[in-house]
Amino acid sequence: MFSCKSKSTEKYSNWNDFNEVQMQSVNSITNHETPDISDMVLIKSDSFIMGNDFGYKNEAPAHKVILDAFYIDKMEVSNADFAKFIKATNYKTTAQKNYTIGEAFFEAGSFVFQEKENNWWHFVKNISWKNYSDGTLPVVHVSWYDATAYCQWKNKRLPTEAEWEHTAKQLYSNTIISQNRANTWQGNFPLRNDTSDGFYNAAPVNLFKSDTLDIYNLYGNVWEWCADNYTEDYYSTAPLKNPINTSNYYAEKTMRGGSFLCNDSYCSGYRPTARMFATPNSTFEHVGFRCACNAE
């Protein structure tokens, strides 16, 4: 990600300054209209057991959570949806910027996967959401800042980890989540994807519908940004009602749901309790998002 500095480079002395400016840009996008819930699902107020004592360390301990009612998008935000946002706001995504933080230069571009034994990810200059012309596919190469900005434009927000997991645990009548329920890696990871599910990369946002709720692609397809900051041991101190991790404003952010790169032999990230995280400026070809909003 390092290269010669260009004249259009945004310069920041440290990560805190960078984050402050990004959030100012995000918060400048306002919308006071009533959120459109026509393509959302109502999840009623309820309690559930969040986490998993038998998964990875960051999934434990299993603990009770009480949630107020909320709405969550039926589908991941698509390229067509995101294009409307860009047209309305002239917003510039993280992957479209050159910026310097301290002595580190970050060039416009994003990370793309390649089938290799090691070093799967490689940085591609000047690639962003704009390189994908199919409006039915989920928007990717978007940072946590970009996802948050879009949600604010819709007068919505990103779902919390607790809301996402509570929704995920209601999706199937069969409690075993198998790979044929989602767009995941089929074959020998990371060397060969045999595409037996019909897709090598991301699938359209309106596929892989769940059994029990009118929701698509919550498992697999692309990882989905959540509102929470990430800390490995958050569950040990999380509040009982409506938890959201705000422990460190500058922290890495959480992602849920797995992607088309998830495979049983590697991460099984499409499990409802699986957690992933990245810095808020990170962008990849397998990360997108969906929106949520309070029921009231």
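In Lys130, the NZ atom is not crowded: 12 or fewer heavy atoms of neighbouring residues, nucleotides or ligands sit closer than 6.0 Å. Under a cut-off of 6.0 angstrom, the local environment of CD in Glu33 is sparse, with at most 12 non-hydrogen atoms contributed by other residues, nucleotides or ligands.
Looking only at distances, no side-chain donor or acceptor of Asp233 sits under 3.5 Å from a matching main-chain atom of Asn58. Between the side chain of Thr212 and the backbone N or O of Gln170 there is at least one donor-acceptor pair closer than 3.5 Å. Side-chain atoms of Asn294 never come within 3.5 Å of backbone atoms of Glu296 as a donor-acceptor pair (strictly under, hydrogens ignored). Of the possible donor and acceptor atoms, none in the side chain of Asn263 sits under 3.5 Å from a partner among the backbone N and O of Phe189. Put simply, the side chain of Asp197 never gets that close to the backbone of Gln186: no donor and acceptor are under 3.5 Å apart. Asn188 contributes no side-chain N or O that, together with a main-chain N or O of Leu191, makes up a donor-acceptor pair within less than 3.5 Å. Asn27 places no side-chain N or O within 3.5 Å of a backbone atom of Gln24 that could act as its donor or acceptor partner. Not one N or O on the side chain of Lys97 forms a donor-acceptor pair closer than 3.5 Å with the backbone of Glu107.
There is a path of hydrophobic side-chain contacts, each under 4.5 Å, that joins Trp121 to Val142. In the hydrophobic clustering of ILVMFWY residues, with side-chain heavy atoms under 4.5 Å counting as a link, Phe199 and Met75 come out apart. One hydrophobic cluster, built from ILVMFWY side chains closer than 4.5 Å, holds both Phe82 and Ile29. Hydrophobic clustering places Trp144 together with Phe106 (ILVMFWY residues linked when any side-chain heavy atoms are closer than 4.5 Å, directly or through intermediates). In the hydrophobic cluster analysis, where Ile, Leu, Val, Met, Phe, Trp and Tyr join through side-chain heavy atoms closer than 4.5 angstrom, Val26 is grouped apart from Ile244.
Scored by the side-chain hydrogen bond (donor to acceptor under 3.5 Å, both in side chains) test, Asn90 finds no partners at all (sequence neighbours excluded).
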Let's go through Glu161 and Arg275 carefully: what are the C-alpha distance in whole Å and the side-chain angles of both, what is the deciding distance for side chain to side chain contact (heavy atoms under 4.5 Å, CB included) to 0.1 Å, and is it a yes or a no? CA-CA 9 Å; Glu161 277 201 275; Arg275 305 173 73 203; 2.9 Å; yes

Is there a side chain to side chain contact (heavy atoms under 4.5 Å, CB included) between His32 and Thr30? Walk through the geometry before answering. CA-CA 7 Å; His32 301 294; Thr30 58; 4.3 Å; yes

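In this structure, Ala203 and Phe208 approach most closely via the heavy-atom pair CB-CE1, 4.0 Å. The minimum heavy-atom distance between Ala95 and Ser128, with the atom names listed, is CB-CB, 4.1 Å. Between Cys262 and Trp223, the closest heavy-atom pair is SG-CZ2, 4.0 Å. Residue Tyr234 comes nearest to Pro239 through the heavy atom pair OH-CD, 3.5 Å, listed as atom of the first residue, atom of the second, then distance. Closest approach of Asn98 and Ser8 over heavy atoms only: ND2-OG, 3.6 Å. Nearest heavy atom pair, residue Asp228 against residue Pro243, reads OD2-O, 4.2 Å.
At a threshold of 4.0 Å, the pair Arg271-Glu59 counts as salt-bridged, since one of the basic side-chain nitrogens sits closer than that to a carboxylate oxygen. Under the 4.0 Å criterion applied to side-chain N and carboxylate O atoms, Glu115 and Arg192 are not assigned as salt-bridge partners. For Asp81 and Lys154, the salt-bridge test fails: no basic side-chain N is under 4.0 Å from an acidic carboxylate O.
Atom CD of residue Gln152 and atom OH of residue Tyr91 lie 10.0 Å apart, to the nearest 0.5 angstrom. Atom-to-atom distance recorded for Ile66:CD1 and Asn242:CG is 9.0 Å, nearest 0.5 angstrom. To the nearest 0.5 Å, atoms CG (Asp68) and OG (Ser45) are separated by 5.5 Å. Atom CD of Glu20 is separated from atom OG of Ser25 by 13.0 Å, given to the nearest 0.5 angstrom. To the nearest 0.5 Å, atoms NZ (Lys253) and CG (Asn281) are separated by 11.0 Å. In this structure, Glu232 CD and Glu252 CD are separated by 11.0 Å, a value rounded to the nearest 0.5 Å.
No hydrogens or angles considered: nothing links the side chains of Asn193 and Thr195 as a donor-acceptor pair under 3.5 Å. No donor-acceptor contact under 3.5 angstrom links the side chains of Thr167 and Glu165, judged on distance only. Glu10 and Tyr12 form a side-chain donor-acceptor contact under 3.5 Å, judged by distance and modelled atom types alone. With hydrogens and angles left out, the side-chain atoms of Asn245 and Thr231 include a donor and acceptor closer than 3.5 Å. Using a 3.5 Å distance cut-off with no hydrogens or angles, the side chains of Glu76 and Asn221 do pair a donor with an acceptor. Of the N and O atoms on the side chains of Asp73 and Tyr71, not one donor lies less than 3.5 Å from an acceptor on the other residue.
The aromatic rings of Tyr235 and His63 sit tilted, their planes meeting at an angle between 30° and 60°. Ring geometry for Trp164 against Tyr219 counts as perpendicular: the plane angle is over 60°, on a 0 to 90° scale with 30° as the lower cut. Ring geometry for Tyr145 versus Phe18: interplanar angle over 60°, hence perpendicular rather than tilted (30 to 60°).
Partner of Phe113 under the ring pair (Phe, Tyr, Trp, His ring centres under 6.0 Å) criterion, chosen from Trp185, Phe284, Tyr200: Trp185. For the side-chain contact (heavy atoms from CB on, under 4.5 Å) with Ser143, the qualifying choice from Val287, Thr94, Thr93 is Thr94, the only one to do so. Exactly one of Arg157, Lys169, Arg256 qualifies for a salt bridge (Lys or Arg N to Asp or Glu O under 4.0 Å) with Glu163. That residue is Arg157.
Within the 6.0 Å centre-distance limit, the rings of Trp153 and Phe85 are counted as a close aromatic pair.
Phe111 places none of its side-chain heavy atoms less than 4.5 Å from the side chain of Ile127. Between Leu171 and Leu218, the closest side-chain pair of non-hydrogen atoms falls below 4.5 Å.
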